[in-house]
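Each remark here refers to the structure printed beneath this line.
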Protein chains: 2
Amino acid sequence: MNLPPLLQSFVLHFGEMGSRWGINRTVGQIYALLYASSNPLCADDIVEALSISRSNVSMSLRELQAWNLVILKHIPDDRRDYFTTPDDVWQILRTLAEERKKREVDPTLSVLRELLMQTPGSEEERHAQARLAEMQTLIEQLTKWYDDVKHLETEQLATLLNLGAKVTRLLDAKDRIVSLGRKRTEPKTS
Amino acid sequence: MNLPPLLQSFVLHFGEMGSRWGINRTVGQIYALLYASSNPLCADDIVEALSISRSNVSMSLRELQAWNLVILKHIPDDRRDYFTTPDDVWQILRTLAEERKKREVDPTLSVLRELLMQTPGSEEERHAQARLAEMQTLIEQLTKWYDDVKHLETEQLATLLNLGAKVTRLLDAKDRIVSLGRKRTEPKTS
DNA sequence: CATTGATTTCAGTAATTTCTGAAAACAATG
DNA sequence: CATTGTTTTCAGAAATTACTGAAATCAATG
């Protein structure tokens with residue numbers, strides 16, 4: 001591997017992190033390299049930069065394409081494929097979220113739905129179903145939120161983030177006012 | 001493996017999913033089993049239920065404990081350790097988020113910070129740093145939001161989720177009103 | 001349609017991760 | 001402090017995953 005030290009550290013870190021993220025080392029390294037490079041790279045550039053086999057690069061690029069994480073570019077009078085990542089980090093985040101949901105959440109949700117259709121054959125199964133139902137409800141709430149939020153423009157998304165928990169403080173205030181209004185007729189509930 | 005069919009399907013699914021989630025099959029299966037069982041299980045119960053070696057169970061339980069995903073219980077007049085998962089799925093979600101952040105985000109953030117302290121030695125490095133800075137900014141925004149939101153009570157969290165993108169629609173309305181107020185003096189910007 | 005340059009596939013190998021059984025460590029009890 | 005029941009450790013075996021090099025495929029060009 002023959003890269004400027006800073007880039008090398010970054011690439012190596014992404015490689016190590018790869019396993020924790022469910023992608024393999026090479027895929028992580030290639031992604032990091034493409035992300036931080038100022039211009040698109042072709043497969044041979046990557047072979048050289050990371051000292052790995054041509055076929056490994058081919059496989060890993062295919063994997064990255066399956067994740068929609070790289071963009072294919074062409075350079076005039078050059079038949080080779082060149083690759084980059086999107087410029088906009090927010091767009092990258094969106095893609096990542098979408099793909100992880102597809103791979104890591106959706107299959108579970110569909111298994112849960114299927115298992116909850118079945119008629120429990122014992123007390124043990126009845127309890128298990130109740131637990132699965134709790135899990136299903138949670139996941140559905142989360143994905144509903146996600147579906148709602150994913151269409152937002154970057155700027156709005158940033159606003160939402162900055163707002164954070166403040167939103168609920170606002171709602172709390174509203175609730176207090178409402179319950180204050182009720183107090184006259186309905187005394188303390190709990 | 002000798003479990004009621006429903007439970008078995010669930011356990012097997014979590015096992016398969018495990019690899020995508022960066023945990024291994026056995027750990028996933030044990031977690032699923034504990035999650036869906038109506039009472040705490042001891043190591044030998046798990047050995048029997050999943051037909052795996054005692055030592056594998058020991059290692060995997062240790063892993064789950066490191067993730068704070070299981071609760072240790074004791075049963076009167078029984079020296080063995082029994083395990084369950086927390087009842088509250090929201091609490092489980094919180095733990096999961098916290099642990100994943102610790103393992104998957106924080107290390108990257110600290111590498112980014114370190115690399116951004118360095119003085120770039122070339123144009124290539126300068127560009128790389130600019131990219132890393134973009135990534136850092138994004139991650140910091142996300143973790144800031146997370147730190148803000150993680151303290152919320154379950155009910156408030158649910159409210160926040162249900163609100164979803166509506167929050168920004170509210171803010172948009174406000175913006176429109178504000179810009180309407182400005183229109184008289186400042187004509188179209190773009 | 002042969003040539004050249006590029007990419008992909010795939011069988012075999014290497015590396016890594018997971019799992020096991022045997023032994024060690026631990027802890028409660030008489 | 002020996003006994004019994006329990007958990008942990010760890011070296012090696014098994015399984016899985018990643019990587020390579022050689023051959024096959026593909027696609028543009030004269």
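This is a predicted model, so every value here is computed, not measured. Order of the sequence lines fixes the chain letters, A, B, ..., with proteins taken first and strands second; residue numbering starts at 1 for each chain.
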Is it the case that more than 12 heavy atoms not belonging to B/Asp78 sit under 6.0 Å from its CG atom?
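Buried by this count: over 12 neighbours within 6.0 Å.
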
CD of A/Glu153: more than 12 outside heavy atoms within 6.0 angstrom?
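No, because the 6.0 Å sphere around CD of A/Glu153 holds 12 heavy atoms or fewer from other groups.
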
Reading nucleotides 5-21 of chain C from 5' to 3' and marking B where a protein heavy atom lies under 4.0 Å of the base, S where only the sugar-phosphate is that close, and - otherwise, the string is BSBBBB-------SSBB

4.5 Å side-chain heavy-atom contact, [X] and [Y]:
X       : Y       : result
B/Leu33 : B/Phe10 : no
A/Leu50 : A/Val57 : no
B/Phe83 : B/Leu64 : no

Within 45° cone of B/Trp67 ring axis and under 6.0 Å: B/Arg103 NZ or CZ
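Cation-pi check for B/Arg103 and B/Trp67: passes.
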
Verify, without hydrogens or angle tests, whether A/Arg25 (side chain) and A/Gly18 (backbone) share a donor-acceptor contact under 3.5 angstrom.
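No, A/Arg25 side chain to A/Gly18 backbone: no donor-acceptor pair under 3.5 Å.
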
Nucleotides bounding contact with chain A, strand DNA chain D, heavy-atom threshold 4.0 Å:
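Reading along DNA chain D, I get D/dA18 to D/dA27.
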
